[in-house]
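Heads up: the structure comes next, in structure tokens.
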Amino acid sequence: MDFNEDQIQRYSRHILLQDVGVEGQEKISNGKVLIIGAGGLGAPVALYLAAAGVGTIGIIDGDVVDLSNLQRQVIHFTPDVNKAKVLSAKEKINLINPDVEVITYYDLLTASNAFEIIKDYDFVVDGTDNFPVKFLINDACVMAGKPFSHGGILRFDGQTITVVPGTACYRCVFHAPPPANAVPTCSQAGVLGAIAGMLGTIQAAEVLKYLTGVGNLLTNRLLTFNAKTMDFRTIKVKHNSKCQVCGDHPTITELIDYEQATCELKTNN
Amino acid sequence: MSAILVNDKVQEIEAPISLIDLIKLNNVEQPEMVSIQVNGEFVARENFESTLINADDEVDFLYFMGGGSR
């Protein structure tokens, strides 16, 4: 890929980095990344990947922008309320960086479309808000050999882990989804808006590290933080030989649509 | 009293203590929702009662965290 003058200027702060350089920026510009969920986590991920010049960004989300989203989903603006989140996100990405090709899926990720959607991408970012989909993303990526970043936020806390083929997966750590509504989601328990940015930008950095091959990914380590204390912890986790999807004798060999939490609190209308 | 590490913080306990009692001692909100590592190895839920924690053991409580999109 030959960068023109504008592109060299646009990406100069990456190119200046010894570990990245023109070669690394080329890898970023050739990268294809799928963001699942254009919400609290997907917003900062999409904004930073767009700015970084990731060549193709796929975004899947079946929701429209709600007024209650704007407190943290910084890719959506007030006039976007009631607009499809994928469309709102695509508009901002293209405004930030017209070099980026954006592919939108105004849909939910399910067991029946997951493989078909993720197959075209180099890396998948989980920015979803519920456990059925988090486990679906994990299982689909593990089975398809796709690297991905798990992210979760709640109240004042965040957690993230990067999974590449052979490293501890989300299911190695958390085994199976909790019963529907046993663990509240942000829409039920609340979340400090800036937490989404803190965690999403960590995920975006992991994507850029993966694409450029720079540094050590957050694999076999679960990063957690609490914004009340600003304590960050990295907990070593091991690939679990008894893991149902990536262990020695996997019992899960096809994708599962777990039951979704149903009693979401609606505060609008 | 014996010192153990719970989520990187020193905790004094009467060793040995079962994992299930340690969960109670730490007021874990939803014990059925926590994933636990002892000295870097995951403990299956059905072994929470039979697993004994001794001095110098390192225990990690890992919590489910959803959130992100909506």
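In what follows, chains carry the letters A, B, and so on, assigned in the order in which the sequence lines appear, proteins first and then strands, with residues in each chain numbered from 1. Computed from a prediction, not measured in an experiment: that's the story for all the values here.
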**OP:** Decide whether a cation-pi geometry holds between A/K92 and A/F77; the criteria are a distance under 6.0 Å from NZ or CZ to the six-membered ring centre and an angle within 45° of the ring axis.
**Re:** yes
Original post:
So which of B/A44, B/S35, B/G40 has the largest heavy-atom pair count under 4.5 angstrom toward chain A?
Top reply: B/S35
Original post:
In Å and rounded to the nearest 0.5 Å, what is the CG to CZ distance from A/N138 to A/R171?
Top reply: 6.5 Å
Subject >> chain B contact via A/D126 - which portion, at a heavy-atom distance below 4.5 Å >> reply: neither
Original post:
Side chain, backbone, both or neither: which part of A/K238 has a non-hydrogen atom closer than 4.5 Å to chain B?
Top reply: both
Original post:
Can the ring centroids of B/F64 and A/F174 be said to lie less than 6.0 angstrom from one another?
Top reply: yes
**OP:** Kindly assign one of parallel, tilted or perpendicular to the pair A/Y258 and A/F135, based on the angle between their ring planes and the thresholds 30° and 60°.
**Re:** perpendicular
Subject >> chain B contact via A/L199 - side chain, backbone, both or neither, heavy atoms under 4.5 Å >> reply: neither
Subject >> side chain to side chain contact (heavy atoms under 4.5 Å, CB included), paired with A/Q203, selected from A/I35, A/L41, A/T162 >> reply: A/L41
Subject >> Region of A/A168 that comes under 4.5 Å of a non-hydrogen atom in chain B >> reply: neither
